[in-house]
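Have a look at the structure below before the remarks.
Values below: all heavy atoms of this structure, side chains included; hydrogens, waters and symmetry mates excluded.
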Amino acid sequence: MVETVWKATSKPSPLCTFLLLIILCILGFYSLHYPHSTVINPNAQNALRFRHIFLSSASNYTIASYLRILTLHPHLAGTAPSLAIVNYVVAQFKSLHLQTHTTQYKTLLSYPTHSSLSAHFTNGTVHDLSLSDSSDDVAVVRPYHAYSPSGTAFAKAVFVNYGRDVDFQAIKELNVSVKGCIVIARRGDLPRGIVVQKAEENGAVAVLIYTEGEEVKGFERGTVMSGVGDPLSPGWAAVDDGESLELEDARVLKRFPKIPSMPLSVRAAQLILNSLGGAPPPEKWRVDLRGVGPGPTILNFTYQGEKKVGTIHNVFAIIRGSEEPDRYVLLGNHRDAWTYGAVDPNSGTAALLDIARRYALMMRLGWQPRRTIILCSWDAEEFGMIGSTEWVEQNLVNLGSKAVAYLNVDCAVQGPGFFVGATPQLDSLLLEVKDPDSEGSTVYEKWAATNAGTNIQRLSGVDSDFAPFVQHAGVPSIDIYYGRDFPVYHTAFDSYEWMTNNGDPLFHRHVAVAGIWGLVALHLADDSILPFNYLSYAEQLQRYKVFLSNLLGEDKAKVSLHPLTTSIQELVSAAKEAEDEAKSRY
């Protein structure tokens with residue numbers, strides 16, 4: 001029974017590589033009359049037919065309408081407006097006559113109560129710097145870093161580039177010390193929490209982080225907590241009757257920085273940085289500054305916040321499978337946002353709701369998937385993938401034995417260009433959708449025309465809800481999105497107006513993402529033989545083994561890679577056998 005999914009059970013940096021392996025097959029479209037009978041047994045012809053129905057029932061207007069409602073108000077996890085969005089998603093699923101379920105968890109969240117920042121210049125002037133990017137909506141949370149400790153600092157400012165080890169080493173070589181200073185760093189590839197940690201290790205008393213770019217405006221909110229999931233229940237779900245650690249427990253405290261931090265607008269950062277003296281920055285930093293400091297400008301910084309237990313809500317819609325009801329294909333997107341969340345995450349939420357609408361239409365026309373499909377709407381992702389992690393922890397045994405795959409979409413549309421990340425066995429999964437940036441062609445044809453191939457990234461990070469599925473439950477996963485970056489990330493300007501004016505005015509890319517996402521799920525749910533390619537997985541492991549061998553260098557004599565080599569060879573043999581058997585059944 002699928003209901004068992006909901007019941008609790010007892011319980012440096014990864015290498016990203018790109019493969020040129022994706023294989024697409026263009027579906028034939030069939031003009032058949034839609035039957036109005038009961039459930040039809042799936043076969044190849046019916047599968048093609050229902051996929052055509054899925055694609056042809058796409059609606060730009062409907063997705064835009066969903067997004068408009070989702071972004072009317074800010075909806076930070078644990079707040080009353082967030083609960084209103086929970087109720088909206090539940091209502092949408094139920095209106096489609098889908099079996100709908102919610103789960104609640106009591107988890108540690110973090111909110112700001114007060115912040116201030118002023119710059120004291122050598123000419124005696126004091127400049128109070130604005131810490132707000134929304135003057136007309138008091139419901140927008142003030143810029144902050146979730147789980148930052150409260151604190152006050154009155155100290156010289158010093159610039160540390162991206163805050164990496166190599167950056168701190170570079171300023172040490174300039175005889176510049178950050179001890180006792182307020183560090184200013186620009187956002188790069190390092191997570192915010194790691195930047196703060198490295199500043200703390202080098203003796204800084206506070207950290208300000210800004211995002212640069214010509215079109216960037218506002219303050220980039222975010223979390224500085226390390227790891228994923230509720231810090232009060234590490235490794236187990238934060239259910240009502242479950243164990244919960246105390247806030248002062250060492251296992252909890254180690255996940256939080258020890259010095260305060262806060263986001264800074266690029267405008268405020270430029271004002272401070274242009275006033276710094278001291279040694280000039282290293283040329284390789286490529287910044288137009290007179291010096292990196294410390295000082296002579298002094299900053300007066302205060303941040304006060306509170307950590308408190310709040311209730312979060314995950315929402316699920318279930319489409320029960322006809323032949324393998326205890327095998328689950330999961331489609332997931334988080335619902336909570338730092339502000340309005342038009343891009344992050346509700347472009348994905350709108351796409352998920354539209355997939356639900358199209359699947360419900362197919363069900364009315366007689367379709368039922370071979371395997372069970374579960375649509376997942378996560379809460380509190382922005383705080384550290386909390387909603388999805390708690391649910392995975394609660395259902396780890398069931399997921400390990402029954403989950404077919406998890407398909408994630410976070411920011412569905414950030415701009416042009418299609419991107420996908422996947423675990424290797426899903427590289428060859430068929431994709432079929434029109435490219436919104438190239439009229440009349442498919443995504444595959446666009447890739448082929450540019451000789452760019454299909455750059456499939458590996459899901460090695462912990463920056464979205466696929467993380468607990470991949471790294472904790474070992475579930476094959478995919479992450480899909482259009483556009484790599486957008487200038488209003490985590491700011492008060494991530495609004496419906498920005499999407500309609502900049503991100504996707506005609507909502508073509510939203511339709512494209514929903515099409516890819518929904519079709520991948522249909523293959524996984526309906527294909528009689530799962531479209532997994534473990535030869536691709538073995539090839540990836542072989543590449544990693546070669547990389548590891550080269551990394552060991554002279555130490556290869558001390559470390560034997562023979563067991564790893566043997567295991568990969570055994571996987572290749574098993575994968576070939578499985579592939580041959582699959583081909584024989586078609």
Side-chain angles (χ1 to χ4, degrees), residues 74-79 82 105-115 117 131 140-153 163 182-183 185 187 190-201 204-211 219-235 238 244-264 301-312 334 336-339 344 378-390 393 461-465 467-468 489-491:
H75 43 284
L76 185 61
T79 65
S82 178
Y105 303 100
K106 292 189 179 299
T107 66
L108 186 69
L109 304 176
S110 168
Y111 306 97
T113 58
H114 172 74
S115 59
L117 179 66
L131 296 178
V140 174
V141 68
R142 69 181 71 200
Y144 80 115
H145 286 159
Y147 304 106
S148 167
S150 299
T152 298
I182 296 177
V183 156
R187 276 284 277 150
L190 280 186
R192 300 172 199 86
I194 298 298
V195 173
V196 178
Q197 175 188 329
K198 293 185 180 301
E200 174 193 325
E201 291 170 352
V205 294
V207 180
L208 301 171
I209 303 176
Y210 72 96
T211 304
F219 296 75
E220 183 186 309
R221 297 152 179 83
T223 183
V224 291
M225 180 179 69
S226 65
V228 299
D230 175 35
L232 300 183
S233 59
S244 181
L245 301 179
E246 296 296 328
L247 182 56
E248 298 305 316
D249 190 294
R251 290 170 288 179
V252 177
L253 294 177
K254 71 178 183 180
R255 296 184 61 180
F256 308 141
K258 295 182 175 60
I259 61 174
S261 67
M262 196 164 60
L264 193 63
F301 164 71
T302 297
Y303 171 74
Q304 296 293 325
E306 61 176 349
K307 300 180 183 72
K308 62 181 183 180
V309 173
T311 302
I312 64 171
H334 79 90
D336 63 299
W338 289 113
T339 62
D344 183 9
W378 309 117
D379 204 353
E381 186 271 356
E382 298 293 8
F383 286 89
M385 281 63 72
I386 293 180
S388 58
T389 299
E390 298 311 300
E393 290 173 343
V462 288
D463 52 357
S464 194
D465 290 302
Y489 177 65
H490 286 187
T491 74

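Every residue meeting the side-chain contact (heavy atoms from CB on, under 4.5 Å) condition with S115, not counting sequence neighbours, appears here in chain and number order: L131, R142, M262, Y303. Evaluation of the side-chain contact (heavy atoms from CB on, under 4.5 Å) rule for L245 yields P234, W236, E243, D249, R251, V252 as partners, not counting sequence neighbours. Residues satisfying the salt bridge (Lys or Arg N to Asp or Glu O under 4.0 Å) test with R187, not counting sequence neighbours, are E220. The ring pair (Phe, Tyr, Trp, His ring centres under 6.0 Å) test applied to F301 returns no partner, not counting sequence neighbours. Considering only residues two or more places apart in sequence or on other chains, K307 meets the side-chain hydrogen bond (donor to acceptor under 3.5 Å, both in side chains) condition with none of them. By the ring pair (Phe, Tyr, Trp, His ring centres under 6.0 Å) test, Y210 pairs with no residue at all, sequence neighbours left out.
For the residue pair A467 and G461, the shortest heavy atom distance occurs at CB-O, 4.1 Å. Of all non-hydrogen atoms in I259 and S148, the two that sit nearest each other are O-OG, 4.5 Å. Heavy-atom minimum distance, Y147 versus V224: C-CG2, 4.0 Å. Annotation for Y111 and G78: closest pair OH-CA, 3.4 Å, computed over non-hydrogen atoms. Closest approach of P260 to S150, counting heavy atoms only: CB-C, 4.5 Å.
Looking at K258 and P149, their side chains never come closer than 4.5 Å, going by heavy atoms from C-beta outward. With a 4.5 Å cut-off on side-chain heavy atoms, F256 and L247 count as touching. Looking at I386 and Y105, their side chains never come closer than 4.5 Å, going by heavy atoms from C-beta outward.
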Would F383 and I312 satisfy side-chain contact (heavy atoms from CB on, under 4.5 Å), going step by step from the backbone distance to the final call? CA-CA 11 Å; F383 286 89; I312 64 171; over 6 Å; no

Would you check, one step at a time, whether the test ring pair (Phe, Tyr, Trp, His ring centres under 6.0 Å) holds for W338 with Y489? CA-CA 10 Å; W338 289 113; Y489 177 65; 9.7 Å; no

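Within the model, atoms OG of S244 and CG of L108 stand 8.5 Å from one another, a figure rounded to the nearest 0.5 Å. For the atom pair CD1 of I182 and CG of L264, the computed distance is 10.5 Å after rounding to the nearest 0.5 Å. Here the CZ-OG distance, from R192 to S226, works out to 14.0 Å after rounding to the nearest 0.5 Å. Separating the NZ atom in K106 from the CG atom in D230 is a distance of 12.0 Å, to the nearest 0.5 Å. The distance from the CG atom of D379 to the NE2 atom of H334 is 10.0 Å, given to the nearest 0.5 Å. The CG atom of L109 sits 8.5 Å away from atom NZ of K308, with the distance rounded to the nearest 0.5 Å.
Surrounding CD of E246 are at most 12 heavy atoms belonging to other residues, nucleotides or ligands under 6.0 Å away.
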